[in-house]
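One structure below.
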There are 2 protein chains.
Amino acid sequence: MRVLSKATVYGLRALVYMASERERTGYVSIGEIAEKLNISFHFLTKTFQTLTQHGILESYRGPNGGVALTKPAEQLFLTDIVHVLEGADFFDKCLLGLPGCGVEAPCPVHDFWKEAKRAMKEEFDITSLAELGEKVSDERFRLVA
Amino acid sequence: MRVLSKATVYGLRALVYMASERERTGYVSIGEIAEKLNISFHFLTKTFQTLTQHGILESYRGPNGGVALTKPAEQLFLTDIVHVLEGADFFDKCLLGLPGCGVEAPCPVHDFWKEAKRAMKEEFDITSLAELGEKVSDERFRLVA
DNA sequence: TGTATTTAAGACAATTTTGTCCCAAAACTA
DNA sequence: TAGTTTTGGGACAAAATTGTCTTAAATACA
Ligand code: SF4
Ligand code: SF4
């Protein structure tokens with residue numbers, strides 16, 4: 001049950017790490033994040049470029065440069081991230097993957113799946129990077145293996 | 001949100017089609033299924049070979065040959081299919097994909113995801129091919145675009 | 001000005017997934 | 001037996017995903 005691509009998983013972990021370092025001011029370098037979370041620097045860089053291009057992050061080059069959230073972590077929700085990294089149709093995809101679905105022509109798992117998607121979307125809508133970052137900085141949860 | 005691979009999606013559609021033809025006796029040819037559902041014959045064949053090797057289907061070669069469910073469709077559940085086609089760890093995969101998870105070392109989305117997985121597993125456990133096939137043969141649901 | 005640091009961008013390779021094709025094996029029919 | 005139908009199995013190709021690398025651009029600082 002792969003729900004998110006690796007690119008999204010790495011991006012999310014990295015964003016939560018940033019949110020968990022809330023006391024820090026200024027930019028966080030991608031190199032530091034990649035090292036701390038033990039993920040590929042170059043791969044993460046590409047994902048972060050996408051996030052920068054879509055207004056989730058702002059970047060700054062040079063010494064003491066790096067990336068920073070464009071908004072307080074309280075105002076960035078999982079839905080926003082997934083929207084950028086997985087596409088706007090993320091919550092429209094389906095178990096049986098038939099194109100052009102709707103109430104008039106459902107597949108046989110529609111009733112269940114519709115509800116499952118609704119629950120997941122609701123959770124993603126209300127879960128902020130701040131909330132996840134707090135859990136991590138409280139030491140109760142982890143981001144690395 | 002891709003939950004199932006194409007191979008699984010095609011396999012599932014095909015199995016539900018077979019279950020929807022419950023009045024028929026004998027083997028159903030893979031060619032017929034592929035044509036009716038508009039999916040690749042060769043690709044479906046490979047998936048069906050896997051299902052045959054794992055006891056979900058039995059096959060018979062030659063004229064009037066094809067495949068048949070090894071058990072009544074009432075006794076084949078989505079969990080059984082997914083187990084074979086996606087692997088035994090299907091319901092162990094996670095949003096953040098950290099290895100070796102558990103209650104002692106959860107990631108920050110664990111609480112939500114654990115519940116989401118439980119709900120999905122429960123549904124897969126109780127949903128039979130017969131139930132889905134009936135919905136299709138009642139003409140209320142569809143399997144093709 | 002020159003060097004070090006850091007992101008931007010894109011080429012490129014490796015891997016996995018998806019899809020196609022060919023031929024062999026089994027079974028039926030004439 | 002010969003010919004047809006159908007699954008079995010493997011080679012192969014195409015596409016998508018994942019991962020690596022190189023170079024350029026921007027910035028800081030000595
Ligand atoms: S009918 Fe519903 S669950 Fe099925 S493929 Fe369409 S939108 Fe998805
Ligand atoms: S902590 Fe839970 S949700 Fe997070 S990766 Fe592990 S098992 Fe999955």
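We use all heavy atoms of the structure for the numbers below, so side chains are in, but hydrogens, waters and symmetry mates are not.
The distance between atom CD of A/E58 and atom C1' of C/dT7, rounded to the nearest whole Å, is 13 Å. For the pair A/R2 CZ and C/dT16 P, the interatomic distance rounds to 11 Å; values are reported in whole Å. C/dT17 atom P lies 14 Å from atom CG of B/L4, rounded to whole Å.
Applying the side chain to side chain donor-acceptor pair (under 3.5 Å) criterion to A/E131, with sequence neighbours excluded, gives no partner residue. Every side chain to side chain donor-acceptor pair (under 3.5 Å) that A/E21 has, sequence neighbours left out, goes to A/R24. In this view, B/F77 satisfies the ring-ring contact (aromatic ring centres under 6.0 Å, His included) rule with no residue, not counting sequence neighbours. Applying the salt bridge (Lys or Arg N to Asp or Glu O under 4.0 Å) criterion to A/K71, with sequence neighbours excluded, gives no partner residue.
Side chains of A/E86 and A/T8: a donor-acceptor N/O pair is present below 3.5 angstrom, by distance only.
B/D125 CG: more than 12 foreign heavy atoms inside a 6.0 Å radius. Enclosure of atom NZ in A/K117 by more than 12 non-hydrogen atoms of other residues, nucleotides or ligands within 6.0 angstrom is indicated.
Residues from residues 61-68 of chain B lying near DNA chain C, meaning a heavy-atom separation below 4.0 Å, are B/R61, B/G62, B/P63 in numerical order. Heavy-atom distances under 4.0 Å link DNA chain D to A/S40, A/H42, A/F43, A/K46 of residues 31-57 of chain A, given in residue order.
A close approach under 4.0 Å does occur between a side-chain nitrogen or oxygen of A/S59 and OP1 or OP2 of C/dA8.
Among the protein residues, B/Y27 comes within range of no part of the nucleic acid, since none of its heavy atoms lies under 4.0 Å from any strand.
Taking only side-chain atoms of A/K6, from C-beta outward, the nucleotide of C/dT18, D/dT18, C/dT7 with the closest atom is D/dT18.
Residues B/I30 and A/Y10 each lie close to DNA chain D; by heavy-atom proximity, the contact nearer the 5' end of the strand is made by B/I30.
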Side chain to side chain contact (heavy atoms under 4.5 Å, CB included) between B/V84 and B/F90, worked out: CA-CA 10 Å; B/V84 168; B/F90 179 72; over 6 Å; no
